[in-house]
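The next block holds one structure in the form of structure tokens; read it before the comments.
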Amino acid sequence: MIGLFEKIPTIESIKDFYSIDNLNSYTDRPYSWSNTVCTLDGVINLNEDLTSIGGGIALKHVPQLGYLSEADFRILNAGWAFSDAVLITGKILRDEIDAICKIEFEDLTNLRLQIGKKTLQPLRLVLSSSGHIFNIRQDSTSIDSKFFENVTSKIIILTTKKGSDYLSTLRLDYKFNFEWNSNVEIVIFDDDQLDNGKESIDLRKMLKLLKIRFKIDYLDVSSGGTVIQQFRDLNVVDELRMTISPQIVGIKNSLGVDRPTIFPSTCKSYNCNNSPLLTWKGIRLLGERMIFLRGIYQYRP
Ligand SMILES: NC(=O)C1=CN([C@@H]2O[C@H](COP(=O)(O)OP(=O)(O)OC[C@H]3O[C@@H](n4cnc5c(N)ncnc54)[C@H](OP(=O)(O)O)[C@@H]3O)[C@@H](O)[C@H]2O)C=CC1
Ligand SMILES: Nc1nc(O)c(N)c(N[C@@H]2O[C@H](COP(=O)(O)O)[C@@H](O)[C@H]2O)n1
């Protein structure tokens, strides 16, 4: 249960930490885990510029500590390798211009095949009520997106009627091929609920559709805290997977703007009798610095 990770976690260590043997999916939803790297004070993006979050949160460019970020990236990819689909959001694609969410290690794509997955990459799902799934600079006349470049593995955009209307207008305004290719599918939820006046998709319905229509048994939620918190409040996320970066950065950026956190303040209020409890299934330490956690939620009425 407790152990050390190597500088480059070996495939054996990864299987030991993240094995999904004996974990059954459900009939009406996938088995799901969240996947996050955060600071000790819960910050998930320093929000200082549009560089990759790995740079700041996982200490990528700090002298002598870059290996921590490399190991975290490999563990992130390992979560994707064991999944049938990875869920991210419009907000991530607006904030992280380099996000791709594809497994970049050959031993991990091989592992997928060994454990019976039919594809080298999991499906990529984008949840966005608004349809704002690109980072569009004001002066630009075309859309740059690594995520949508050369789409060779399937992407599904989960959006509202309003979001799909927005995507259609973009198609007229920009020199970007919105037919994309046959690997991109848009699923529209047209009976969405209102959340603070903003349309939002009923996540239970979304999960049922992912399970029944797209045959997703294992879902990796690589989204931010806002989505993870909704999953937790609905009791539909089974595991918390978290890398703790050994730094405390404060919840506002240098301009006083709030940073996103893994546990946003909009979370439902619980007490010690009904809070979701965690049982640690795996704890790993790397270089006396970074902690990797894998916990199973126990929901209480
Ligand atoms: N350190 C890490 O491991 C990670 C860091 N991040 C960072 O975190 C930040 C994002 O986190 P956070 O702000 O919490 O946002 P989230 O990534 O949780 O995304 C929130 C967005 O998801 C969409 N959304 C959420 N719920 C619903 C719903 N029920 N129906 C329809 N759409 C929904 C909306 O998109 P829309 O606005 O398009 O309608 C909403 O704005 C980013 O800066 C990202 O870089 C993200 C993931 C991991
Ligand atoms: N757990 C974790 N570790 C990292 O190092 C990360 N960069 C993230 N980020 C999330 O992973 C998705 C994008 O990854 P790529 O940019 O394609 O590598 C996105 O959801 C990030 O926020 N998570």
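If you read the sequence from its start, that first residue is 1, and numbering goes on from there. Read the numbers this way: they start at 1 and go in the same order the structure lists the ligands and their atoms.
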Do ligand 1 and [X] have nitrogen or oxygen atoms that lie under 3.5 Å from each other?
X: Gln230; answer: yes
X: Gly131; answer: no
X: Glu199; answer: no
X: Ile201; answer: yes
X: Ser129; answer: yes
X: Cys38; answer: no
X: Ser223; answer: no
X: Ile44; answer: yes
X: Ile57; answer: no
X: Asp95; answer: yes

### Task
Could you point out which residue of Trp33, Tyr218, Tyr299, Tyr26 forms a side-chain hydrogen bond (donor to acceptor under 3.5 Å, both in side chains) with Asp238?
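By the side-chain hydrogen bond (donor to acceptor under 3.5 Å, both in side chains) criterion, Asp238 pairs with just one of Trp33, Tyr218, Tyr299, Tyr26: Tyr26.
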### Task
Grab the two heavy atoms, one from Leu108 and one from Ala78, that are nearest each other, plus how far apart they are.
CD1-N, 3.7 Å
### Query
Quick check: does any side chain N or O of Arg112 sit under 3.5 Å from a backbone N or O of Leu120, one acting as donor and the other as acceptor?
yes
Proximal ligand 2 atoms for [X], defined as those under 4.0 Å from one of its heavy atoms:
X: Ile88; value: 20 (O)
X: Thr36; value: 1 (N)
X: Glu96; value: 21 (C), 22 (O)
X: Ser222; value: 20 (O)
X: Ile100; value: 15 (P), 16 (O), 17 (O)
X: Val37; value: 1 (N), 2 (C), 3 (N), 4 (C)
X: Ala99; value: 16 (O), 17 (O)

### Message
In terms of relative ring orientation, are Phe134 and Phe148 parallel, tilted or perpendicular, with 30° and 60° separating the classes?
### Response
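The arrangement is tilted - the two ring planes meet at 30° to 60°.
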### Query
Counting heavy atoms only, which part of Pro260 comes closer than 4.0 Å to ligand 1: side chain, backbone, both or neither?
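The part of Pro260 near ligand 1 is the side chain, not the backbone.
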### Message
Counting only heavy atoms closer than 4.0 Å, does ligand 1 sit against the backbone of Thr89, its side chain, both, or neither?
### Response
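Just the side chain.
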### Cation-pi geometry met for Arg124 and Phe147 (6.0 Å, 45°)
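Judged by the rule (NZ or CZ under 6.0 Å from the ring centre, within 45° of its axis), Arg124 counts as positioned above Phe147.
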### Task
Flag this pair as yes if the NZ/CZ of Arg74 is under 6.0 angstrom from the six-membered ring centre of Phe105 and inside a 45 degree cone about the axis; otherwise no.
yes
Pair [X] + [Y]: basic N to acidic O under 4.0 Å:
X: Lys161; Y: Asp190; answer: no
X: Asp16; Y: Arg284; answer: yes
X: Glu12; Y: Lys15; answer: yes
X: Asp28; Y: Lys211; answer: no
X: Arg259; Y: Glu48; answer: yes

Number the atoms of ligand 1 from 1 as they appear, then name those within less than 4.0 Å of a heavy atom of [X], with their elements.
X: Ser128; result: 32 (N), 35 (O), 36 (P), 38 (O), 39 (O)
X: Gly225; result: 14 (O)
X: Gly224; result: 11 (O), 14 (O), 16 (P), 17 (O), 18 (O), 46 (C), 47 (C)
X: Gly90; result: 38 (O)
X: Leu203; result: 29 (N)
X: Ser222; result: 47 (C), 48 (C)

Whether over 12 other heavy atoms sit under 6.0 Å from [X] [atom1]:
X: Asn271; atom1: CG; answer: yes
X: Leu277; atom1: CG; answer: yes
X: Lys154; atom1: NZ; answer: yes
X: Ile283; atom1: CD1; answer: yes

### Task
Consider ligand 2: state whether an atom of it lies below 4.0 angstrom from any non-hydrogen atom of Asp72.
yes
#### Entry: Min heavy-atom dist Phe292 to ligand 2 below 4.0 Å
no
### Message
Against Pro260, only a single residue in Thr226, Ile92, Asn47, Ile251 fulfils side chain to side chain contact (heavy atoms under 4.5 Å, CB included); can you say which?
### Response
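Testing each of Thr226, Ile92, Asn47, Ile251 against Pro260, the sole residue satisfying side chain to side chain contact (heavy atoms under 4.5 Å, CB included) is Asn47.
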### Task
Pick out which of Ile228, Leu293, Thr243 makes a side chain to side chain contact (heavy atoms under 4.5 Å, CB included) with Thr36.
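Running side chain to side chain contact (heavy atoms under 4.5 Å, CB included) over Ile228, Leu293, Thr243 with Thr36 returns exactly one hit, Ile228.
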### Query
Which of these, Thr226, Thr36, Asp258, Ile88, has its nearest heavy atom closest to atom 13 (O) of ligand 1?
Thr226
## Note on the structure
A student comparing Leu76, Val43, Leu127 should find that the heavy atom closest to atom 23 (C) of ligand 1 comes from Leu127
### Proximity of Cys101 to ligand 2 by residue part, where a heavy atom lies under 4.0 Å
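Both of them.
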#### Entry: Side chain, backbone, both or neither: the part of Trp80 lying under 4.0 Å from ligand 2 by heavy atom
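For Trp80, only side-chain atoms sit under 4.0 Å from ligand 2.
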### Query
Among the heavy atoms of Arg94, does any lie under 4.0 Å from an atom of ligand 1?
yes
### Task
Would you tell me whether Asp233 and Tyr270 have side-chain atoms, one donor and one acceptor, within less than 3.5 Å of each other?
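Yes - a donor-acceptor pair under 3.5 Å links their side chains.
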